[in-house]
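In what follows, a single structure is set out as structure tokens and then discussed.
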Amino acid sequence: MARKKCPECEKCLPAWLAAFGDLMSLLLCFFVLLLSMSSMDAKKISEAIGSLSGAMSVLEGGIKTEISKQRIQESTPIEARDETSQQVNKVTQAVIDANEMMEKGHGPTITMEEAQEGFKIELPSSLLFKPGSATIYNEDALLFLKRIALLIGEMPNTVKISVQGHTDNIPPSKNSPYKDNWELSSARGISVLQELILDGVDPKRISAAGFAEFTPKATNETKSGREKNRRVEIHFYGSKNENEAKVKRSVLDKAAS
């Protein structure tokens, strides 16, 4: 017997597939409209994420499984940490941008690293000053300090800044106005401090110090080591607790009595 011929397929798409495509398009439009009418509150979102993380025991003390008002209060420090991390990221980006600019001119490199109770930016002295001088001459360095000053203004007032000058073990030349490395390192730290204040940093939040050659990063026996030791560091740290200050004052009072 001859086999039956298979019926020819329809040239157009099946009707169910067209209906399915229309349905998907309508659903897409529906969710786009929902998104456009919704309002994004960053604070509420961070609280919700913090509450969820706390309920899952991700945060410290996350033992409770229910979401309560107490749980939302415990999650609020996340927002502060996020703001702090964003500010640190901005400082990091400023350092990266400055280094890219310096590479074009084959200049020294700015570094950023963790420090005690915060972080620090390290500026090579050759980027800021001429040998034996404490006057900032580099325009690129001045622009970088202006940008750092703007970022400091965005930070909480609890963040304090300390500018520290360092030198190698070679004393200033006879033509230098500074008789030793103590004066030179202090003058360089003060010079950077004054520039930051001119750019808008609150004088109450900033201080300066000179360490001469007594806190080296590398050996002073080589030229490259001495170059690393000649630097100015901008330290960022949190202000100490008032209770700690009271305890220290009480200890000093007892010692005096």
Side-chain angles (χ1 to χ4, degrees), residues 5-104 110-114 117-121 143-161 196 199-202 205 234 236-239:
K5 292 183 178 180
C6 181
E8 295 182 0
C9 296
E10 298 180 5
K11 295 182 180 180
C12 59
L13 293 173
W16 68 268
L17 188 57
F20 180 80
D22 291 339
L23 178 61
M24 293 297 103
S25 300
L26 290 172
L27 284 173
L28 176 62
C29 294
F30 174 73
F31 286 115
V32 170
L33 286 173
L34 282 180
L35 181 63
S36 64
M37 291 185 292
S38 63
S39 60
M40 298 293 183
D41 190 332
K43 185 176 181 180
K44 290 182 179 179
I45 291 173
S46 63
E47 288 179 353
I49 294 173
S51 300
L52 180 61
S53 300
M56 297 175 66
S57 299
V58 176
L59 296 178
E60 293 181 359
I63 301 173
K64 297 183 179 180
T65 56
E66 72 274 13
I67 299 176
S68 60
K69 291 183 179 179
Q70 183 180 3
R71 175 59 58 197
I72 293 176
Q73 290 176 355
E74 291 177 359
S75 68
T76 52
I78 294 177
E79 185 177 355
R81 288 198 294 269
D82 288 343
E83 290 178 358
T84 303
S85 62
Q86 289 177 2
Q87 291 159 355
V88 174
N89 289 337
K90 289 182 180 179
V91 175
T92 305
Q93 188 59 47
V95 172
I96 293 172
D97 294 342
N99 283 331
E100 289 179 353
M101 187 183 302
M102 303 301 172
E103 285 180 2
K104 295 179 181 178
I110 302 171
T111 58
M112 178 178 170
E113 57 187 36
E114 292 184 4
E117 299 180 355
F119 65 96
K120 66 179 179 179
I121 299 173
L143 289 175
F144 175 74
L145 292 176
K146 289 181 186 294
R147 185 170 179 181
I148 294 299
L150 291 174
L151 295 176
I152 292 173
E154 297 176 2
M155 296 179 182
N157 291 330
T158 54
V159 177
K160 305 298 182 182
I161 297 91
L196 291 173
D199 295 333
V201 175
D202 187 353
R205 299 176 58 188
I234 305 175
F236 297 78
Y237 61 94
S239 59

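- The CD1 atom of Ile121 sits 8.0 Å away from the CD1 atom of Ile110 when rounded to the nearest 0.5 Å.
- Under the rule for a side-chain contact (heavy atoms from CB on, under 4.5 Å), the partners of Ile96 that lie at least two apart in sequence or sit in another chain are Thr92, Gln93, Glu100.
- Counting only residues at least two apart or on different chains, no salt bridge (Lys or Arg N to Asp or Glu O under 4.0 Å) pair has a member in residues 18-33.
- Remark: Phe119 engages Phe236 in a ring-ring contact (aromatic ring centres under 6.0 Å, His included) (not counting sequence neighbours).
- Listed by chain and residue number, Ile152, Met155, Asn157, Val159, Lys160, Ile161, Asp202 satisfy the side-chain contact (heavy atoms from CB on, under 4.5 Å) test with Arg205 (two or more places apart in sequence, or in another chain).
- Checked by atom type and distance alone, the side chain of Glu154 never pairs as donor or acceptor with a backbone atom of Gln87 at under 3.5 Å.
- Applying the side-chain contact (heavy atoms from CB on, under 4.5 Å) test to Asp199 and every residue at least two apart in sequence or in another chain returns Leu145, Lys146, Ala149, Glu195.
- The minimum heavy-atom distance linking Phe144 with Ala94 is given by the pair CE1-O, 3.7 Å.
- Glu113 CD: more than 12 foreign heavy atoms inside a 6.0 Å radius.
- In this view, Thr158 and Pro156, Ser239 satisfy the side-chain contact (heavy atoms from CB on, under 4.5 Å) rule, not counting sequence neighbours.
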